[in-house]
Amino acid sequence: MVLTGIHHVGVAVTDLDESIELYKSALGAELVKRARNEKEGIEAAFIHTGTGEVELLSATRPDSPVGRFLAKRGPGLHHVAYGVTDIAQALADARAAGLELIDAEPRMGLHGSMIAFVHPKSLGGVLTEFVET
Ligand code: CO
């Protein structure tokens with residue numbers, strides 16, 4: 001696979017509006033967009049930081065994956081996302097390398113790009129996402 005860089009870093013937050021304001025006022029960062037996925041129980045805000053983004057993730061219900069993450073670990077770093085040129089190839093290579101995939105097939109992400117997640121236990125405890133760029 002070919003990594004094109006760190007695409008974004010996912011940060012779990014309890015209050016999305018408050019967190020957007022914090023990133024804007026404390027860091028001068030810019031809100032790119034907000035998106036909500038009821039099925040996954042998440043609402044996200046993408047913060048532009050220059051060359052990469054911070055994806056602020058909040059739970060729309062406590063039993064969603066982000067809701068469970070927040071209950072277990074509290075707010076903080078959630079995942080690292082790498083850009084890849086060919087996500088099907090990246091998944092095939094990750095599988096061949098013995099990584100445990102959360103998504104066996106790429107799916108549409110909130111960015112409007114194809115994404116897939118790798119289980120944190122395969123990569124030193126870091127939930128890892130690939131984003132096709
Ligand atoms: Co992400």
Side-chain angles (χ1 to χ4, degrees):
M1 78 179 81
V2 180
L3 301 181
T4 61
I6 292 180
H7 185 273
H8 65 269
V9 173
V11 175
V13 305
T14 48
D15 187 316
L16 194 57
D17 291 314
E18 217 171 75
S19 300
I20 292 167
E21 278 318 306
L22 178 64
Y23 275 76
K24 278 159 76 169
S25 63
L27 302 180
E30 202 180 302
L31 174 65
V32 180
K33 76 167 193 168
R34 285 175 80 135
R36 200 177 161 99
N37 183 325
E38 292 301 342
K39 192 170 154 249
E40 291 173 36
I42 59 174
E43 184 171 10
F46 303 101
I47 307 288
H48 184 64
T49 68
T51 56
E53 289 182 358
V54 172
E55 179 182 70
L56 301 174
L57 293 165
S58 65
T60 61
R61 51 173 202 272
D63 65 341
S64 67
V66 173
R68 287 196 301 268
F69 178 94
L70 285 166
K72 200 170 151 192
R73 303 212 217 170
L77 280 180
H78 183 265
H79 66 273
V80 173
Y82 298 99
V84 295
T85 50
D86 179 341
I87 197 157
Q89 188 64 53
L91 282 186
D93 291 348
R95 196 179 277 117
L99 304 188
E100 185 182 320
L101 306 180
I102 293 175
D103 297 299
E105 298 294 331
R107 60 189 171 87
M108 184 55 67
L110 291 170
H111 285 83
S113 314
M114 296 306 282
I115 63 162
F117 279 92
V118 176
H119 198 283
K121 75 180 174 197
S122 295
L123 281 170
V126 180
L127 176 61
T128 299
E129 178 182 3
F130 296 131
V131 182
E132 191 165 71
T133 52

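Every number for a ligand or one of its atoms is a count from 1 in the order of the listing.
- Considering all non-hydrogen atoms of both residues, K121 and H119 come closest at N-ND1, 3.0 Å.
- In this pair, H8 and F46 present their aromatic rings perpendicular. The plane angle is above 60°, beyond the 30 to 60° band.
- Residue contacts to the Co ion (ligand 1): H78 brings no N, O or S atom closer than 2.8 Å.
- Of the residues listed (V118, D103, I115), the one engaging F130 in a side-chain contact (heavy atoms from CB on, under 4.5 Å) is V118, and it is the only one.
- At a threshold of 4.0 Å, the pair E105-R107 does not count as salt-bridged, since none of the basic side-chain nitrogens sits closer than that to a carboxylate oxygen.
- As for E129, its N/O/S atom nearest the Co ion (ligand 1) is the one called OE1.
- Nearest N, O or S atom of E55 to the Co ion (ligand 1): atom OE1.
- Among the backbone and side-chain atoms of H8, an N/O/S atom is found under 2.8 Å from the Co ion (ligand 1).
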